[in-house]
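Residue numbering restarts at 1 for every chain, and letters A, B, ... go by the order of the sequence lines.
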Number of protein chains: 2
Amino acid sequence: MAGPGRGVTIADVAARAGVAASTVSYVLSGKRSISPETADRVMHAVADLGYHPHAGARSLASRRAGVVAMMLPLRDGMHLPVLMQFASGAVTEARCHDQDVLLMTADEGPAGLARVAASAIVDGLILMDVEVRDPRVETLRRLGLPSVLIGFPADAAGLTCVDLDFTAAGRVCAEYLRERGCGDIALLGASEAVYARRTGFAERVREGFLGRSGPGATVQPCPDDPVSVQRTVKELLAANPALNGIAVHNEPAVGHVMHALADAGKLVGEDFHVVVIGPDEVAERVHPQLPSVLVPAETLAETAVRHLMRKLDGLDVPDSTLVEPQLTIR
Amino acid sequence: MAGPGRGVTIADVAARAGVAASTVSYVLSGKRSISPETADRVMHAVADLGYHPHAGARSLASRRAGVVAMMLPLRDGMHLPVLMQFASGAVTEARCHDQDVLLMTADEGPAGLARVAASAIVDGLILMDVEVRDPRVETLRRLGLPSVLIGFPADAAGLTCVDLDFTAAGRVCAEYLRERGCGDIALLGASEAVYARRTGFAERVREGFLGRSGPGATVQPCPDDPVSVQRTVKELLAANPALNGIAVHNEPAVGHVMHALADAGKLVGEDFHVVVIGPDEVAERVHPQLPSVLVPAETLAETAVRHLMRKLDGLDVPDSTLVEPQLTIR
DNA sequence: TTCCTCAATCGAAGCGCTTCGACAAGCTTC
DNA sequence: GAAGCTTGTCGAAGCGCTTCGATTGAGGAA
């Protein structure tokens, strides 16, 4: 079952290069200066033997695991592709810093955080999809494990948070519709449950959308099944016949909204305008293609990981980072 | 930054329980018999102090990391929600066995496998979305790292593989359509590129679909943008006006197929039948709802993890496990 | 009683790495 | 040319855990 050699150790490398094990360690870490010739010999030995330091030994001796945890909410209702992009972005960025990523689900909750902290299996933590009142936040503060949150809890004091500026996203959508000459506009959001759970981003989009819109702006939560969407759009139009702009912040509903509008005789892009907050594919897969504000999952993930790396190195990072939304016109 | 105590060690637990460190270790691992009273005292000390063994130290001493890697393809064209379900299922199941999951992307390729194997950061490996000719497979064999593959490479000898029985899935779809009285049927698959890449499941669905269908069955690769789908469906109908059944194995295309059929005046569920291979939501979010064969990502993930755990314990597992497809009629 | 066994526990030896202090050379600097 | 720096390297001491004898005392067999 095992390959040959069964574990190349630093001693093997040292022997082959004719130096002490500590010298190999210093060559690899760069923590002390080593003559170029020695370094060269060591690097050759490393390559020849295919040496990789034993992660456990390294973590034990250096008190650095070289692993960060990422806690993802795998509950329903999240838009999965976005999460996946996030995960992928985080892994890629972490690998650039020679770190691995441990995947945790939010089900483990605060106890999971305590476990990984105490077992020193990870050096730091990225917490996705933080809610306004999130039970993990208190534990996190107590543990003092370096961490970066995606999303903003109610009390973000002392925490490092990163997110799309959803307030701005809401505002951008409203502005887009206004510029197209829409007098009465509506935000068709996620289902009531999402608001009830106090998901930060849903609330902030609403605020941004309403904030600058003046009168004539409505917010309407909406489930994402076809029937409800159809009904909701009909009701919005019935309640306000002058309505001529909708922002949709509900990925699966976009297609259904377009149908409902077509059924109502609205010509999207002409006498009616629609803008989407969501992934590009969603806005591209309908006809006509819609303008949209992207949730830049990869950028967020990268930023989060980079911030975490800086924290692990004892460097400063801003407490709060809001990524500017970009409106893509199609 | 740090919590109080800065690391509870086994020595702390031992001191509090009035025993030797080795005794604590034996209580925790159950590898030697310990009197109930002592065990009890130790467990109390563990709980009181919130002790969790240091993962690195444990891995160094016991040569078991308590972590398995999961390598996911994060390339485009995969249906992300399914991957996510898979990941979530794997993490949940792994936690039941007291293991953590390290997330790797397929970009790291064979070198990534070599790295994790050599650094002993993981005990085993789950490889998702294995292709017919997969460069990772050879490395895997050479490394001898315990592993389970999702999907079947061309030469699966000596490997443990798990997958949905896609051949049966193709057959089930064909049979469903036949039973509904469809004489001429087609399989609308993923884009040409997926077949070109020799993705195992695409090929096997095709074989299963054609296998028992006798004459009158076609397979048509198809990109997933609305325009191509529309065109492809039109062409299929033009080429064979008698066509009255389609199996769609292309998640994003399902909605567009339904439109195209409606445009062509076909009444799905009456004079025309459609069946989907894909997630439930996809089949439920169109009108009328369609029958579908689910890719049981969670089941596959659980099975894969369970097999891996058995291998880590030196137990036997079947080389090849095919999960039976289930057709859900709606 | 004496000898043996067995269950329960302890102490010590590593696991492979990092890191600290030491120490030779080879430089300056006066 | 002695004193003081640097620079490059080494050896040894752990990091916190598991595991392998060794040890102790109690119970049974003889």
A.B. asks: When we call it a touch if two heavy atoms are under 4.0 Å apart, what does Ser35(A) touch: a base, just sugar-phosphate, or nothing?
C.D. replies: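 Sugar-phosphate contact only - Ser35(A) comes under 4.0 Å of backbone atoms but never of a base.
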A.B. asks: Short question: side chain of Asp163(A), backbone of Asp165(A) - any donor-acceptor pair under 3.5 Å?
C.D. replies: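 No, the answer is negative, given that no donor and acceptor are paired below the 3.5 Å cut-off.
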A.B. asks: Rounding to an integer number of Å, can you tell me how far Ile121(A) CD1 sits from dG16(D) P?
C.D. replies: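 Result: 17 Å.
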A.B. asks: Expressed as a whole number of angstroms, how long is the span from Ile10(B):CD1 to dA12(C):P?
C.D. replies: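 Whole-Å distance recorded here is 16 Å.
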A.B. asks: With a 4.0 Å cut-off on N to O distance, would you call Glu37(B) and Arg41(B) a salt bridge?
C.D. replies: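 The answer is no: the pair does not qualify as a salt bridge.
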A.B. asks: Just to confirm, is there a sub-4.0 Å distance from OP1 or OP2 of dC10(C) to any side-chain nitrogen or oxygen of Arg32(B)?
C.D. replies: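 Result: no.
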A.B. asks: In whole angstrom, give the distance that lies between atom CD1 of Ile34(A) and atom C1' of dT6(D).
C.D. replies: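 Result: 14 Å.
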A.B. asks: Check Arg64(A) with Asp313(A), please: is the shortest side-chain N to carboxylate O separation under 4.0 Å?
C.D. replies: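 Yes, this pair counts.
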A.B. asks: According to side-chain contact (heavy atoms from CB on, under 4.5 Å), who are the partners of Ala20(B), at least two apart in sequence or on a separate chain?
C.D. replies: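 Partners of Ala20(B) by the side-chain contact (heavy atoms from CB on, under 4.5 Å) criterion, ordered by chain and then number, come out as Ser22(B), Thr23(B).
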A.B. asks: Can you tell me if Arg310(B) uses its side chain to pair, donor with acceptor, with the backbone of Gly314(B) under 3.5 Å?
C.D. replies: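 Not at all, since once roles are kept as given, no pair shorter than 3.5 Å links the two residues.
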A.B. asks: Do the side chains of Arg115(A) and Asp100(B) get close enough for a salt bridge, i.e. N-O under 4.0 angstrom?
C.D. replies: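 Salt bridge flag = yes for Asp100(B) with Arg115(A).
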A.B. asks: For dT19(D) and Lys31(B) - does any side-chain N or O of the residue sit under 4.0 Å from the phosphate oxygens OP1/OP2?
C.D. replies: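 It does, given that an N or O in the side chain of Lys31(B) lies less than 4.0 Å from OP1 or OP2 of dT19(D).
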A.B. asks: Decide, yes or no, whether a salt bridge links Asp123(B) with Lys311(B) under the criterion of side-chain N to carboxylate O below 4.0 Å.
C.D. replies: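 No salt bridge links Asp123(B) with Lys311(B).
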A.B. asks: Give me the residues of residues 39-59 of chain B where at least one heavy atom lies under 4.0 Å from an atom of DNA chain C, by number, or none.
C.D. replies: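 When residues 39-59 of chain B is checked for heavy atoms under 4.0 Å from DNA chain C, there are no hits whatsoever.
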A.B. asks: Taking only the side-chain nitrogens and oxygens of Ser62(B), find out if one of them lies under 4.0 Å from OP1 or OP2 of dC17(D).
C.D. replies: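 Checking dC17(D) against Ser62(B), no side-chain N or O comes under 4.0 Å of OP1 or OP2.
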A.B. asks: Does the side chain of Arg63(A) get closer than 4.0 angstrom to OP1 or OP2 of dG16(D) through an N or O atom?
C.D. replies: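 Arg63(A) to dG16(D) OP1/OP2: side-chain N or O found under 4.0 Å.
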A.B. asks: When you check the side-chain N and O atoms of Thr9(A) and His54(A), is any donor under 3.5 Å from an acceptor?
C.D. replies: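 On atom types as modelled, these side chains do not qualify, holding no pair under 3.5 Å.
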A.B. asks: So if I take every side-chain heavy atom of Leu60(B) and compare against dT19(C), dC10(C), dC15(C), which nucleotide ends up nearest?
C.D. replies: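 The answer is dC15(C), which lies nearest to the side chain.
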A.B. asks: Enumerate the residues from residues 19-29 of chain A whose closest heavy atom to DNA chain D is under 4.0 Å, giving them by residue number; use none for an empty result.
C.D. replies: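 Contacting residues: Val19(A), Ala20(A), Ser22(A), Thr23(A), Tyr26(A).
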A.B. asks: With a 4.0 Å cut-off, would you call Asp48(B) and Arg16(B) a salt bridge?
C.D. replies: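 Judged by the 4.0 Å cut-off on N to carboxylate O distance, Asp48(B) and Arg16(B) do form a salt bridge.
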